[in-house]
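Here's the structure we're looking at; comments come further down.
Throughout, residue positions are numbered sequentially from 1 according to the sequence presented. The shown structure was predicted, so the numbers you read here are calculated from the model rather than taken from an experiment.
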Amino acid sequence: MDPTANQLSQETKALVQQGSWRDACGAAQRWARSCPDEPQAYYWFAFSALRLGQPADAEAALRNGLERAPGHHILMSLLASTLIARGNN
């Protein structure tokens with residue numbers, strides 16, 4: 001992971017630990033733009049978006065992540081949970 005992506009990863013995770021969901025979404029978006037093939041960036045964006053009550057944004061991020069990392073089990077699991085919670089089972 002390049003230094004910028006590593007910094008964004010650490011920033012995102014720290015914001016998640018603090019419960020700063022909006023800021024974590026922003027950091028995760030920057031991380032995904034910097035390193036678009038990194039599934040964790042999409043996961044943490046989706047995780048934070050769900051905490052903000054934005055399941056559609058979470059779903060879109062998870063689907064985007066799965067396009068780049070097909071079969072990624074953690075993204076698939078969170079997407080399934082998101083769809084069930086939205087009533088799209």
Side-chain angles (χ1 to χ4, degrees):
M1 188 179 305
D2 71 53
T4 301
N6 188 46
Q7 179 182 354
L8 290 168
S9 166
Q10 291 176 0
E11 178 185 353
T12 300
K13 292 173 185 177
L15 291 165
V16 166
Q17 287 181 331
Q18 295 168 16
S20 299
W21 308 122
R22 191 165 313 285
D23 292 336
C25 280
Q29 282 181 318
R30 291 189 300 278
W31 182 14
R33 281 193 300 268
S34 173
C35 193
D37 293 329
E38 176 53 62
Q40 287 188 46
Y42 302 96
Y43 173 84
W44 288 116
F45 175 86
F47 183 90
S48 299
L50 288 169
R51 297 311 178 275
L52 289 170
Q54 300 171 343
D57 291 342
E59 179 183 344
L62 292 164
R63 290 185 185 280
N64 196 0
L66 284 166
E67 286 178 12
R68 289 163 168 68
H72 190 276
H73 68 279
I74 295 171
L75 295 179
M76 291 173 61
S77 177
L78 188 54
L79 177 59
S81 297
T82 301
L83 293 173
I84 290 168
R86 291 184 72 196
N88 296 330
N89 44 14

Spacing of Phe45 atom CZ and Asp57 atom CG [to the nearest 0.5 Å]: 5.0 Å

pair Trp31-Cys35: side-chain heavy atoms closer than 4.5 Å: yes

Interatomic distance, Asp23 atom CG to Glu11 atom CD [nearest 0.5 angstrom]: 8.0 Å

Side chain to side chain, Glu67 and Asn64, heavy atoms closer than 4.5 Å: yes

Minimum heavy-atom distance between Ala24 and Ser48, given as atom pair plus value: CB-OG, 3.3 Å

Minimum heavy-atom distance Arg86-Pro55, with the two atoms named: CD-CB, 3.5 Å

Short side-chain to backbone donor-acceptor contact, Arg30 and Leu8, under 3.5 Å: no

Single-linkage hydrophobic cluster, 4.5 Å side-chain cutoff, Leu15 and Phe47 together: no

Rounded distance [0.5 Å steps], CD in Gln7 versus OG1 in Thr12: 10.0 Å

Trace of the side-chain contact (heavy atoms from CB on, under 4.5 Å) decision for Tyr42 with His72: CA-CA 11 Å; Tyr42 302 96; His72 190 276; over 6 Å; no

Leu79 CG to Ile74 CD1 distance, which is reported to the nearest 0.5 Å: 13.5 Å

Shortest non-hydrogen contact between Leu62 and Ala46, atoms and distance: CG-CB, 3.5 Å

Arg63 side, atom CZ; Thr82 side, atom OG1 - distance, nearest 0.5 Å: 9.5 Å

Residues, nucleotides or ligands: over 12 heavy atoms within 6.0 Å of Arg22 CZ: no

Whether Ser81 side chain and Ser77 backbone form a donor-acceptor pair below 3.5 Å: yes

Approximate separation, where rounding is to 0.5 Å, of Gln29 CD and Cys25 SG: 6.5 Å

Heavy-atom pair with the smallest gap, counting every atom of Pro39 and Leu75: O-CD2, 3.7 Å

